[in-house]
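Heads up, the thing below is written out as structure tokens.
In listed order, ligands and their atoms are each counted from 1. Remember, predicted model here, so these are calculated numbers, not experimental data.
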Amino acid sequence: MNTIRALRENELPYLIEVQKKTFTSDLCESLAVFKNRFDRFGQFFRVATIDDQIVGYIICFPYKLGEIPKNNAPFEANLKRPDCFYIHDVTLIPEARGQGLAQLLIESAFNQAKDLGFTKVSLVSVGQSGNYWDKLGFIEYPQTTQEILQKLHSSYDEKSRLMVKDI
Ligand SMILES: CC(C)(COP(=O)(O)OP(=O)(O)OC[C@H]1O[C@@H](n2cnc3c(N)ncnc32)[C@H](O)[C@@H]1OP(=O)(O)O)[C@@H](O)C(=O)NCCC(=O)NCCS
């Protein structure tokens with residue numbers, strides 16, 4: 001059976017396993033960083049399971065539109081007042097793709113965003129995501145500045161884009 005459910009703290013090592021299978025090594029984050037993100041915002045994280053096995057996850061949290069969390073680094077102690085929901089990662093192991101689970105993970109994030117009263121979802125589209133996010137209606141953040149581009153390129157590849165979608 002396929003399900004989407006909340007992540008439990010003791011399951012973080014499974015996420016590391018999924019990450020290794022799905023993201024290029026330059027994008028991978030350490031267990032310590034996952035733990036830091038979980039301690040701050042774990043209530044929003046969701047996993048996809050097939051027959052009780054974790055096959056993917058979505059890491060998302062309230063954040064400030066126009067800001068980009070540094071990849072593989074803990075959060076700053078004081079984050080700006082959030083005004084959007086930010087999708088940091090969504091991923092599925094190859095065997096779990098093409099079954100609608102990604103859509104369910106993303107819908108779960110949109111529903112959380114709406115429940116929190118946000119009207120925008122943002123994320124960084126990296127080179128390996130191709131035009132995936134464009135097809136889901138995300139557009140490049142219209143107020144992208146040189147400073148934002150510098151932050152993007154210090155954490156991600158040169159094709160990375162800060163994107164936003166009204167929900
Ligand atoms: C992104 C991901 C979660 C999508 O899962 P999925 O099960 O393939 O999603 P879907 O079956 O809903 O596919 C939706 C569409 O997106 C397309 N797609 C998937 N990955 C894509 C990519 N990297 N680039 C462009 N299009 C992509 C699929 O081909 C499909 O197209 P179609 O509807 O025209 O047939 C999965 O491909 C994945 O885990 N990729 C590796 C991690 C990653 O890059 N995550 C995104 C960045 S955070």
Side-chain angles (χ1 to χ4, degrees), residues 1-7 11-31 33-34 36-38 40-42 44-75 84-113 118 120-141 144 148-149 151-165 167:
M1 197 178 61
N2 297 0
T3 61
I4 305 296
R5 64 161 173 80
L7 170 72
E11 294 174 327
L12 288 173
Y14 294 104
L15 269 49
I16 298 288
E17 289 306 307
V18 171
Q19 176 188 234
K20 265 193 228 157
K21 291 181 185 169
T22 57
F23 283 109
T24 52
S25 56
D26 55 313
L27 293 173
C28 284
E29 297 187 300
S30 70
L31 182 58
V33 167
F34 270 79
N36 169 270
R37 301 210 190 291
F38 186 89
R40 204 71 176 259
F41 294 119
F44 302 112
F45 301 175
R46 298 288 177 267
V47 289
T49 68
I50 299 180
D51 297 337
D52 293 331
Q53 303 294 312
I54 293 178
V55 294
Y57 60 84
I58 189 162
I59 304 278
C60 41
F61 37 81
Y63 214 60
K64 177 79 186 161
L65 188 61
E67 296 287 319
I68 301 157
K70 197 166 166 42
N71 201 50
N72 200 23
F75 284 120
C84 76
F85 209 53
Y86 183 87
I87 298 179
H88 181 60
D89 277 341
V90 58
T91 192
L92 289 168
I93 60 170
E95 305 87 298
R97 293 180 193 165
Q99 305 178 34
L101 280 168
Q103 192 56 38
L104 291 178
L105 284 169
I106 292 163
E107 273 171 19
S108 78
F110 287 2
N111 288 335
Q112 292 192 81
F118 295 129
K120 290 182 189 298
V121 172
S122 79
L123 52 82
V124 171
S125 170
V126 292
Q128 84 165 64
S129 341
N131 65 352
Y132 181 74
W133 297 111
D134 305 72
K135 286 202 275 185
L136 292 182
F138 283 81
I139 58 161
E140 193 159 353
Y141 178 53
T144 297
I148 290 175
L149 287 175
K151 281 188 190 167
L152 272 175
H153 298 152
S154 70
S155 263
Y156 302 103
D157 61 75
E158 60 188 31
K159 288 192 176 153
S160 57
R161 295 170 292 159
L162 180 61
M163 303 192 82
V164 62
K165 178 179 164 70
I167 50 164

Contact table ligand 1 N or O to protein N or O, d under 3.5 Å:
residue  : atom   : partner : partner atom : Å
ligand 1 : 7 (O)  : G98     : N            : 2.7
ligand 1 : 11 (O) : G98     : N            : 3.4
ligand 1 : 23 (N) : Q128    : O            : 3.0
ligand 1 : 24 (N) : S129    : O            : 3.1
ligand 1 : 31 (O) : K135    : NZ           : 3.4
ligand 1 : 34 (O) : K135    : NZ           : 3.4
ligand 1 : 39 (O) : T91     : OG1          : 3.3
ligand 1 : 39 (O) : L92     : N            : 2.9
ligand 1 : 39 (O) : L92     : O            : 3.3
ligand 1 : 39 (O) : R97     : NE           : 3.4
ligand 1 : 39 (O) : R97     : NH2          : 3.3
ligand 1 : 44 (O) : Q128    : NE2          : 3.0
ligand 1 : 45 (N) : V90     : O            : 2.9

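- There is a side-chain donor-acceptor pair under 3.5 Å between T24 and D26.
- In this structure, S122 contributes its side chain and L65 its backbone to no donor-acceptor pair below 3.5 Å.
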Which side-chain N or O atoms in residues 92-105 pair as donor and acceptor under 3.5 Å with protein atoms at least two apart or in another chain?
residue : atom : partner : partner atom : Å
R97     : NE   : L92     : O            : 2.9
R97     : NH2  : L92     : O            : 2.8
Q99     : OE1  : N2      : ND2          : 3.4
Q99     : NE2  : E95     : O            : 3.2

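- Among V126, D134, V124, the single residue meeting the side chain to side chain contact (heavy atoms under 4.5 Å, CB included) criterion with R161 is D134.
- Between F41 and F44, the angle of the ring planes lies from 30° to 60°, which puts this pair in the tilted group.
- Judged purely by atom type and a 3.5 angstrom limit, N72 uses its side chain to pair as donor or acceptor with the backbone of S30.
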